[in-house]
Amino acid sequence: MADDEDPKEYRWETGYEKTWEAIKEDERGLLQGSVAEIIQKAKRKRQAEKKGRLGMMRHVYVIVDCTENMGTQDLKPTRLVCTMKLLEVFVEEFFDQNPISQMGFIVLKSKRAEKISDLTGSSRKHIKAIRGLANLPLVGEPSLQNGLDFALKTLKMVPAHASREIIVIMGSLTTCDPTDIHVTIDGLRAEGIRCSVISLSAEVRICRYMTRETSGVYSVILDDAHFRDQLLQHVEPPPAARTQENSLIKMGFPHGRAEEGKDPALTLCMCHLDSTDDPSHLSVGGYQCPQCLSKYCELPIECITCGLTLVSAPHLARSYHHLFPVARFREVEWHEQAESCYACQKIFSEPQDKLIYQCETCEMFFCTDCDIFIHDDLHSCVGCCTLPATVASLQQGAFGRAQH
Ligand SMILES: [Zn+2]
Ligand SMILES: [Zn+2]
Ligand SMILES: [Zn+2]
């Protein structure tokens, strides 16, 4: 995004992020701590960048390279197996944080692109598709263009209020394309589709060009922990693209239907109708579309019959924190301002707690772990939620009881 005006093309020219220099051994000669530090710095940086309108309803295609280079064993046991494991985590996490979004998977096999799961909001189907990759023979070269074209074709159909994204996981350094890939990239840019690339080997110019043109993120991984972090950054909704429309969407809130005094009727659900290996059974209960009364086993889902988006209120609540994130904590040096972390009560001590974090609203101090936990998982400040006044009165009450 900000790279637009950057005249320097390559990472080694900018000297901007010499990650290999930042890696230092700790006193036991281990590198882990250092990589953890890099990841944490990156997390804080991303927190700082968060602002503006977000693309909350997302349609994401994940394109996975499944060719010869994915068999390389620099990630354990192989690149492909490591990628599969991380993608499973990613899918779960993605639908946990973006319940009204959809995802689809495309694999790149020797010069062809193949869809392994449709654009849908059901994590079950995706995880099954990802597990199926284990038996794939890894041969040939990938064609990035074929993969992108495939995704573009489907994403073009998605209405313009949705945020459309492509995430490419590339293990290869080459791409073998039928025509000019710049045409495809221009097409993606014109549609406002955001393309991000995670490279498992090195920086490739065409991928960098593509991510820059489409306002995506380009990342080259250091190790599996860094890979995980780079992948999971795509869980957060990205800033809305300029082409994205603001519109109101009709949604349905189905109830689990149970009529009083009657035995509930046995009905078929719509979600298992077309699957052969897990066929639909007659059952009671389930969720009914308020518009056409089709029955579904799980939410959220888009009604197959009438196209209404069906959600439950907690799904919307889970997206809420993206809109009102906890403000970033101020980083301060520890000069015994506070004895312990306000959240976890850890006693601050040198040298682990050289830096501590302060909430600007409630002015409480937190340790590094709590800073990350509050912003990543809890999404509300421990200090602000436990008002000092209430806490003081509660404590007095407790002491009072203890004395009597
Ligand atoms: Zn319906
Ligand atoms: Zn703490
Ligand atoms: Zn606070």
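Atoms within a ligand are numbered from 1 in the order they appear, just like the ligands themselves.
Note that NE2 of His182 is 10.0 Å distant from CZ of Arg189, once rounded to the nearest 0.5 Å.
One finds an angle of 100° at the Zn ion (ligand 1) between SG on Cys292 and SG on Cys303, to the nearest 10 degrees. With the Zn ion (ligand 2) as the vertex, SG (Cys367) and SG (Cys370) define an angle of 100°, rounded to 10°. Rounded to 10 degrees, the SG-metal-SG angle spanning Cys359 and Cys362 at the Zn ion (ligand 3) equals 100°. With the Zn ion (ligand 2) as the vertex, SG of Cys341 and SG of Cys344 span 110° to the nearest 10°.
Here Cys384 reaches the Zn ion (ligand 3): one of its N/O/S atoms is less than 2.8 Å from the metal.
Comment: Arg79 engages Asp74 in a salt bridge, judged by a side-chain N to carboxylate O separation of less than 4.0 angstrom.
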Quiz item: Under the side-chain hydrogen bond (donor to acceptor under 3.5 Å, both in side chains) criterion, do Thr175 and Ser143 qualify, and how do the steps go?
Solution: CA-CA 5 Å; Thr175 156; Ser143 164; 4.8 Å; no

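Judged by distance alone, with hydrogens and angles left aside, the side-chain atoms of Thr211 form no donor-acceptor pair with the main-chain N or O of Ser196 at under 3.5 Å.
Aromatic ring pairs are classed by plane angle as parallel below 30°, tilted from 30° to 60° and perpendicular above 60°; the pair Tyr342 and Phe366 is perpendicular.
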